Asker: 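Submitted below is the structure of interest, expressed as C-alpha cells.
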There are 2 protein chains.
Amino acid sequence: MDDLAATNGTGSTSAANGTRGADGTQVEAPAAPPAAPPAESRGSRAQPKTDKSEQTRALILETAMRLFQERGYDKTTMRAIAAEAGVSVGNAYYYFSSKEFLIQGFYDRMTYEHAADARRRLAGTKDFTERLEIAVSSWLDCAAPYHEFAAQFFRTAADPNSALSPFSNESHPARATAVELFREVLTGSELAPKLDAELAELLPDLLWLNLMIVVLYWVFDRTPDTERTREYVRRSTPMVARIINLSRYRVFRPIVRDAKGLIQDFILPTIGKTAAK
Amino acid sequence: MDDLAATNGTGSTSAANGTRGADGTQVEAPAAPPAAPPAESRGSRAQPKTDKSEQTRALILETAMRLFQERGYDKTTMRAIAAEAGVSVGNAYYYFSSKEFLIQGFYDRMTYEHAADARRRLAGTKDFTERLEIAVSSWLDCAAPYHEFAAQFFRTAADPNSALSPFSNESHPARATAVELFREVLTGSELAPKLDAELAELLPDLLWLNLMIVVLYWVFDRTPDTERTREYVRRSTPMVARIINLSRYRVFRPIVRDAKGLIQDFILPTIGKTAAK
DNA sequence: CCATGCTTTTGAACGCGTTCGAAATAAGCG
DNA sequence: CGCTTATTTCGAACGCGTTCAAAAGCATGG
C-alpha cells in the first residue's frame, strides 16, 4: 500500500515532477495559448520578498505534493514534509498557514495541466458532444494519479469555512481556468452560433458545474481505474449535449427561460460570478 | 450564542432527554405512521449488554449533542464531552469508535424529527408543488438550529472514506427515512396517478437528491436565517414540479427515457439502491 | 469464600496539526 | 563598520483525537 501512483492508467502527462524547473516555477506550457500559470501566490502567509524565500516556499510545496502522491494526504505529516524538505515545521507554517493550503497548490497545478491536456486533445474536433466528452475525460486522465488523495481534497472543498472551496472562494484561479476551458469547448464547436446568446453566456459555468458532478461521482467511484465514472461520462455527455441542443426549440422555451433565471439569480452568484445579471 | 435551539420553528420533540426510555431505546412516535425510529445502533463499538451500559451510551450521546449545539463541532472536544458526562475519554471511545460517529446519532435524530414535522404539515395539502415545498422547508426549519454545526457534518458526509456519508453508506437509516417521506409527498398528491409508473418509482430518490442539493446550497448560505436558501426553494420547487409534470407529454418522452436509464444505471446504484433494474 | 471470565472504565501516552517566542539571518542606513 | 529593523528559521510546547494495557466491576459456579 505504498505505491499508489502505480495505478495510474493514462500515459499522458505521466511524469508528475519532470516538467518543473529547479526553482519550482512553471516552465512547461508547450502548447497552451491563453491560460495563465497557476500563480501559486494566494493562500500563503506573506508574499515572499527575496529570491531565497521564494525558493524555500517552492521547495516545501514540491516536497509536500510529492509526499501526498506517494503516501496519501493523511499519512503525510507536516513534520515529514518539513524533514524531507530539510526545513523546520515552523518554517513550513511560515509559508503555508495550514496543511490545507498545500492542497491548493496541488489542485491549481492539476487544473492547469488539465486545461493544457484538454486543449491539445480538442484540436481538430468540431462536434460539441465529442468536445465536451474530451474535456471531461481529459480531467479524469489528469486526475487519475491522485484519485485516492483526491477524496481528502474533496472533503476540504465541501467545507464552506475553508478558503479552498471552489464554490465559496470567488477568486479561485483554478475555477476560472476550468470555466475558460469550457468556454472554448463551446465556442470551438459548430453548435455555438445556433444558441441563444444569453444561454451561451451561462453555459461555460454550467458545464463546469457538470464537471463538478462528474468529480463528485469520481470521488466516490471505487471501480478499478474509475471505469464506472468513464462510462458515466460516455453516457451522460450526449444527454447534456442533447438538452442544450433542444433548448433551441419552441416547446422548451418557457422552461429554459425559467431555468436561466434561477441559475442567474441563485446559482452563479453563489459560485463566484458576481451578478452578471 | 448559547440558545440556538430557540430559533427552531417546530415545537416538536423539544426535550432532548425527556422522550427517552430509561434503557435508552426510543419510545416516542406520537403520530408518525411508518418511519422507523433512528435506531442508533450502528456505528457503536459493541452492542451493549447491560442496562447501565445502555444508559452510559445514551448519556454520552446526549451530552455530545448538547455541546455540539452550544459550542459547535470543532470546539467541542472529546475530553469536554467525557468530562461533562462524568466519564473518561476512553469510555466515550468504548461506545463511539470516533468523534464522527457521534454526528451519526445527531443526523439520525434530525432526520427523524424532520420526517415527523413534515408529515404534520403535509396533512390536508394535495397539490404536489406545495407538498414538495413543505417537505423541503420543513427540513430547513428542523435544521436551522444546527446550521453552523452542519457545515462540519457536511464536510464529513462528503468524505467517501467515512462510514457516515449518506451517499456511500448504503444502509444509512436516515436516508431511507427521508426517501420514504418523499414517497409520501408524491403519493399524497393528485399528480401521482397521472405519472408513468416507472418514473414514479424513481422519483422519491430523485426528490431526496433534490433535497441534497438544497442542503448543499444551505450549507454554503451565509445570509441571516438562511433566507436565501428559502428563496431558492420557493423558486426552484415549482420548476422541479413542472419538469416532472412535463415529463408526461410526448415531446419529452425520449429525453425522459434516456434520463431514466442514466439514473437507474448510474445514480441510484451509487446511493444505495441495489440495482432496482 | 475465592476463582474465572466477561463487560465496562480508566487515564497515561502517542502522534498529529498548529502556535509562538525567540534566535538567526538579511537588509537598510549613518 | 556598527546599529536598527524586517524577514526568515527554528523547535519546544499546546491541545487535540485516538489508542491501549491495565484496573475495576460484576456475574457465575464451584
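Chain letters run A, B, ... following the sequence lines, proteins first and then strands; every chain starts at 1. Everything quoted here is computed from the prediction, not taken from an experiment. Computed from heavy atoms alone, side chains included, the values below leave out hydrogens, waters and symmetry copies.
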Asker: C:dT8, OP1 or OP2 - any side-chain N/O from B:Ser53 closer than 4.0 Å?
Answerer: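 For C:dT8, OP1/OP2 do have a side-chain N/O of B:Ser53 under 4.0 Å.
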Asker: Would you mind telling me which of D:dT18, C:dT18, C:dT10 lies closest to the side-chain atoms of B:Ser88?
Answerer: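 Of all the options, the side chain of B:Ser88 is nearest to C:dT10.
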Asker: What I'd like to find out is whether the side chain of B:Ile81 reaches to under 4.5 Å of the side chain of B:Leu102, using heavy atoms alone.
Answerer: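 B:Ile81 vs B:Leu102: side chains touch.
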Asker: Closer than 4.0 Å, any side-chain N/O of A:Ser97 to the OP1 or OP2 of C:dT18?
Answerer: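 So the side-chain polar atoms of A:Ser97 never come under 4.0 Å of the phosphate oxygens OP1 or OP2 of C:dT18.
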Asker: D:dT9 phosphate, OP1 or OP2: any side-chain N/O from A:Tyr95 under 4.0 angstrom?
Answerer: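 For A:Tyr95, the contact criterion (side-chain N or O under 4.0 Å from OP1 or OP2 of D:dT9) is met.
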Asker: Please report, rounded to the nearest Å, how far the P atom of C:dG17 is from the NZ atom of B:Lys99.
Answerer: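 The distance from NZ of B:Lys99 to P of C:dG17 comes to 16 Å, rounded to the nearest Å.
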Asker: What is the ring orientation for B:Phe266 with A:Tyr232, classed by angle as parallel under 30°, tilted 30 to 60°, or perpendicular over 60°?
Answerer: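 Taking A:Tyr232 first and then B:Phe266, their aromatic rings sit tilted (interplane angle of 30° to 60°).
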Asker: Using a 4.0 Å cut-off on heavy atoms, which residues in residues 73-83 of chain B reach DNA chain C? List them by number, or say none.
Answerer: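 Nucleic-acid contacts, sorted: B:Arg79.
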Asker: What is the distance from atom OG1 of A:Thr56 to atom CG of A:Leu61, rounded to the nearest 0.5 Å?
Answerer: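 A:Thr56 atom OG1 to A:Leu61 atom CG measures 12.5 Å (nearest 0.5 Å).
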Asker: Between B:Tyr93 (OH) and C:dG11 (C1'), how many Å, whole number?
Answerer: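 The answer, rounded to whole Å, is 14 Å.
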Asker: Can you measure B:Asp51 atom CG to D:dA27 atom P for me and round it to whole angstrom units?
Answerer: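 Whole-Å distance recorded here is 11 Å.
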Asker: I'd like to check A:Phe96 versus A:Ile60 (side-chain heavy atoms, cut-off strictly below 4.5 Å). Are they in contact?
Answerer: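 Heavy-atom side-chain distance check passes, below 4.5 Å.
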Asker: Does C:dT9 have OP1 or OP2 sitting under 4.0 Å from an N or O in the side chain of B:Tyr94?
Answerer: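 B:Tyr94 to C:dT9 OP1/OP2: no side-chain N or O under 4.0 Å.
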Asker: Hydrogens and angles aside, do B:Tyr112 and B:Thr177 bring a side-chain donor and acceptor to less than 3.5 Å of each other?
Answerer: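 No, B:Thr177 and B:Tyr112 have no side-chain donor paired with an acceptor closer than 3.5 Å.
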Asker: Return yes if a side-chain donor-acceptor contact under 3.5 Å exists between B:Asp221 and B:Thr226, otherwise no.
Answerer: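 No, no side-chain donor-acceptor contact under 3.5 Å.
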Asker: C:dT8 phosphate, OP1 or OP2: any side-chain N/O from B:Asn91 under 4.0 angstrom?
Answerer: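 So the side chain of B:Asn91 is outside the cut-off, no N or O lying under 4.0 Å from OP1 or OP2 of C:dT8.
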Asker: Rounded to the nearest angstrom, tell me the gap between atom CG in B:Leu102 and atom P in D:dG17.
Answerer: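 Rounding to the nearest Å, CG of B:Leu102 and P of D:dG17 are 11 Å apart.
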Asker: Output the single nucleotide from C:dT18, C:dT10, D:dT9 whose closest atom is nearest the side chain of B:Val87.
Answerer: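 The answer is C:dT10, which lies nearest to the side chain.
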Asker: Indicate yes or no for a side-chain donor-acceptor contact from A:Tyr146 to the backbone of A:Met110 under 3.5 Å, with no hydrogens or angles considered.
Answerer: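 No: the side chain of A:Tyr146 does not pair with the backbone of A:Met110.
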Asker: For the pair made of CD1 in B:Ile103 and C1' in D:dG17, what is the distance, rounded to whole Å?
Answerer: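 Between C1' of D:dG17 and CD1 of B:Ile103: 13 Å.
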Asker: With no hydrogens and no angle check, is any side-chain donor or acceptor of B:His147 less than 3.5 Å from a backbone partner on B:Asp225?
Answerer: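 Flag not set: sc B:His147 to bb B:Asp225 has no pair under 3.5 Å.
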Asker: Can any side-chain N or O of A:Tyr73 pair as donor or acceptor with the backbone N or O of A:Ile103 at less than 3.5 Å?
Answerer: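 Side chain of A:Tyr73 to backbone of A:Ile103, a donor-acceptor pair under 3.5 Å: no, none is there.
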Asker: Please enumerate all protein N or O atoms sitting under 3.5 Å from an N or O of nucleotides 21-26 of chain D, with distances to 0.1 Å.
Answerer:
none

Asker: In whole angstrom, what separates A:Ile60's CD1 from D:dT8's P?
Answerer: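 Spelled out: CD1 on A:Ile60 to P on D:dT8 is 12 Å.
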